[in-house]
Number of protein chains: 2
Amino acid sequence: MARMEQTGVRTRRRGATLEDALLAAAWAELAKTGYTNFTFDAVAKRANTSRAVLYRRWSSKPKLVRAAIAREIQKDEVVTPDTGSLRGDVIALLTQANGRRVRLAITLLAHLGDYYRATGTSIATLRNSIYGDRESNMETIIERAVARGEVKPGVISDRILRLPLDLFRQQLAMTYAPVPAEEIAGIVDTIFLPLLKAHGAL
Amino acid sequence: MARMEQTGVRTRRRGATLEDALLAAAWAELAKTGYTNFTFDAVAKRANTSRAVLYRRWSSKPKLVRAAIAREIQKDEVVTPDTGSLRGDVIALLTQANGRRVRLAITLLAHLGDYYRATGTSIATLRNSIYGDRESNMETIIERAVARGEVKPGVISDRILRLPLDLFRQQLAMTYAPVPAEEIAGIVDTIFLPLLKAHGAL
DNA sequence: CCGTTAAGGTACACGGTGTATCTTAACGAG
DNA sequence: CTCGTTAAGATACACCGTGTACCTTAACGG
């Protein structure tokens with residue numbers, strides 16, 4: 001700020017400030033029009049600059065998109081819930097994933113195919129960057145439940161551990177919409193907890 | 001055939017014959033280059049014709065792609081397995097899905113994102129066309145198990161019914177590869193059947 | 001204060017889209 | 001078998017987004 005702005009002459013942004021504005025504009029375009037209709041032109045216009053400025057930093061559409069996504073991802077932090085009960089923790093974990101990252105996840109899911117093709121990255125890799133360490137959060141949740149004496153140790157297999165998040169993701173990927181609260185409760189109450197009981201973990 | 005083919009003059013295909021050749025070429029292109037790089041030009045060349053012939057039938061890329069997919073889908077028939085046991089039936093169903101349609105499913109999954117963005121179609125809609133009536137096959141399997149007295153009627157909710165296929169799809173979507181036989185067995189033996197027992201359905 | 005750097009603007013070649021004609025082969029009614 | 005109708009196949013064109021090149025001028029730093 002500060003200095004001047006004499007007679008409508010627009011300040012010229014540089015460096016990190018500019019770069020951040022560019023990526024913000026890119027993300028906005030991505031959310032608005034999607035990957036397919038995403039154009040450098042539109043991003044440039046939205047950021048009040050020209051395509052040259054963009055090309056100078058990101059030489060192709062996938063690269064720019066990836067950068068915009070990366071910036072968006074590192075924005076919010078994942079917290080392991082601690083409600084005092086296994087049921088509460090799992091529901092909280094899914095709800096948190098639902099609320100915070102759905103838009104992000106939806107946008108990403110919509111472009112995973114292309115992304116995969118363009119980079120050769122496995123989907124699982126990208127999944128981790130979307131959902132952060134939720135898998136390990138699940139482990140933490142179980143460990144706490146064991147510590148409370150709520151769950152018997154050593155009987156929960158990997159597959160069962162992944163189950164709630166797998167079902168959550170499945171629904172998200174199928175509907176491209178936030179998962180309703182009652183669906184989340186359903187996953188936990190009619191699938192996950194009964195299954196733990198069946199395996200004698202509760 | 002029959003008539004002639006004088007001095008290298010190429011026969012001019014018409015109607016259904018032509019249309020089938022066009023869609024075959026479109027599918028081949030789709031499998032080769034993916035949705036993003038899919039062009040009318042390439043399809044026309046592969047089918048030894050011109051873009052005009054394509055545009056006359058399908059006015060846009062999504063429409064042509066959808067038609068090509070539809071043609072591919074209706075090629076193979078889905079059969080409800082009947083092995084005499086619930087476990088056998090479910091495993092057979094998943095194995096069948098695995099063997100027959102994985103390539104199709106993988107190709108589609110790899111391009112669904114764009115497709116969705118471009119057309120607004122929900123993934124669930126397309127899913128149904130990919131996996132056919134497997135969901136209703138699952139119902140049939142359960143009904144038979146009930147008839148055999150293997151399963152108690154009325155306790156299996158929709159969500160539980162969908163569970164094996166959901167997990168199967170989840171894994172397919174994450175790995176972009178056929179699901180190994182032991183994973184299929186795992187889904188049935190450590191998740192599905194124990195869950196039925198937990199709900200008192202066995 | 002002046003030289004260097006990079007932002008912002010403009011122009012261009014290229015490739016894919018979608019439309020509009022034009023020709024000519026295939027088909028079908030008489 | 002012939003002739004009129006239909007549609008296949010071939011161009012051509014306007015339009016748009018891409019990626020590159022080049023120029024100018026504002027911002028920064030020694």
Side-chain angles (χ1 to χ4, degrees), chain A residues 1-26 29-30 32-68 111 114 117-118, chain B residues 1-26 29-30 32-68 111 114-115 117-119:
Chain A
M1 302 260 116
R3 288 307 298 289
M4 36 59 286
E5 202 111 305
Q6 68 241 64
T7 42
V9 172
R10 280 246 298 315
T11 319
R12 190 179 278 192
R13 299 158 296 182
R14 285 179 85 111
T17 313
L18 175 61
E19 191 150 322
D20 203 62
L22 296 179
L23 290 177
E29 276 301 312
L30 202 53
K32 183 188 157 209
T33 66
Y35 185 85
T36 305
N37 299 322
F38 179 94
T39 68
F40 272 65
D41 231 8
V43 176
K45 257 180 205 145
R46 184 184 283 268
N48 290 312
T49 181
S50 70
R51 282 184 301 130
V53 176
L54 291 168
Y55 276 111
R56 224 165 265 145
R57 293 175 166 74
W58 306 281
S59 57
S60 73
K61 189 164 149 174
K63 282 177 188 164
L64 172 52
V65 167
R66 201 176 327 174
H111 312 314
D114 268 22
R117 285 216 149 247
Chain B
M1 299 266 116
R3 287 308 298 286
M4 36 58 288
E5 201 111 307
Q6 68 240 65
T7 42
V9 172
R10 279 249 296 316
T11 318
R12 188 179 279 192
R13 298 157 298 180
R14 286 180 85 114
T17 313
L18 175 61
E19 191 150 322
D20 203 61
L22 297 179
L23 290 177
E29 277 301 313
L30 202 54
K32 183 187 156 211
T33 67
Y35 184 85
T36 305
N37 299 323
F38 178 94
T39 68
F40 273 66
D41 231 8
V43 176
K45 257 180 205 145
R46 184 184 283 269
N48 290 312
T49 181
S50 70
R51 282 184 302 128
V53 176
L54 291 168
Y55 275 111
R56 225 164 262 144
R57 293 176 165 72
W58 305 282
S59 57
S60 73
K61 187 165 150 173
K63 282 177 189 164
L64 172 53
V65 167
R66 200 175 329 174
H111 311 312
D114 268 23
Y115 184 89
R117 282 268 163 201
T119 64

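Lettering of chains follows the sequences in order, A, B, ..., and the numbering in each one begins at 1.
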| said: So if I take every side-chain heavy atom of A/Thr39 and compare against D/dG17, C/dA7, D/dA8, which nucleotide ends up nearest? | reply: D/dG17
| said: I want to verify a distance call: between D/dC22, D/dG9, D/dA12, whose nearest atom is closest to the A/Arg56 side chain? | reply: D/dC22
| query | Has the side chain of B/Arg51 got a donor or acceptor atom sitting under 3.5 Å from an opposite partner on the base of C/dG18? | reply | yes
| said: Please determine whether a side-chain nitrogen or oxygen atom of A/Thr49 lies at a distance below 4.0 Å from atom OP1 or OP2 of C/dG8. | reply: yes
| note | In whole angstroms, the gap separating C1' of C/dT17 from CH2 of B/Trp58 amounts to 17 Å
| remark: From CG of B/Asp41 across to P of C/dC14 the rounded distance in Å is 16 Å
| Spacing between B/Arg46 atom CZ and D/dG9 atom P, to the nearest angstrom | 17 Å
| Audit row: B/Phe38, B/Val43, side-chain contact (heavy atoms from CB on, under 4.5 Å) steps and yes/no | CA-CA 8 Å; B/Phe38 178 94; B/Val43 176; 3.5 Å; yes
| said: Would you compute the distance between atom CZ of A/Arg51 and atom NZ of A/Lys45 and round it to the nearest 0.5 angstrom? | reply: 10.0 Å
| For D/dA7, does OP1 or OP2 lie under 4.0 Å from any side-chain N or O of B/Arg13? | no
| request: Choose from D/dT18, C/dA7, C/dG18 the nucleotide whose nearest atom is closest to any side-chain atom of A/Arg57. | output: C/dA7
| Which whole-number value in Å describes the distance from A/Leu54 CG to D/dT20 P? | 13 Å
| query | Step by step, would you call B/Arg56 with B/Val53 a side-chain contact (heavy atoms from CB on, under 4.5 Å)? | reply | CA-CA 5 Å; B/Arg56 225 164 262 144; B/Val53 176; 4.1 Å; yes
| Could you give the CZ-to-C1' distance, from A/Phe40 to C/dG8, as a whole number of Å? | 16 Å
| Residues A/Glu29, A/Leu64; criterion side-chain contact (heavy atoms from CB on, under 4.5 Å); working and verdict | CA-CA 11 Å; A/Glu29 276 301 312; A/Leu64 172 52; over 6 Å; no
| field | Atom pair OG1 (A/Thr39) and CZ (A/Arg46), whose distance is rounded to the nearest 0.5 Å | value | 10.5 Å
| query | Under the 3.5 Å rule, do the base of C/dG8 and the side chain of A/Arg14 count as making a donor-acceptor pair? | reply | no
| request: Find the distance B/Arg12:CZ to C/dT23:C1' and express it as a whole number of Å. | output: 8 Å
| query | Which of these nucleotides, C/dG18, D/dT18, C/dA26, is closest to any side-chain atom of A/Lys61? | reply | D/dT18
| Rounded distance in Å - CG (B/Leu18) to P (C/dA25) | 17 Å
| request: Counting heavy atoms from C-beta on, name the nucleotide in D/dA10, C/dA11, C/dG9 closest to the side chain of A/Ser50. | output: C/dG9
| query | Rounded to the nearest Å, what distance is computed from the CG atom of residue A/Asp20 to the C1' atom of nucleotide C/dA7? | reply | 17 Å
| note | Closest of C/dG8, C/dT19, D/dG19 to the A/Tyr55 side chain is D/dG19
| said: From the set C/dA7, D/dA21, D/dA10, return the single nucleotide nearest to any side-chain atom of A/Ala52. | reply: D/dA21
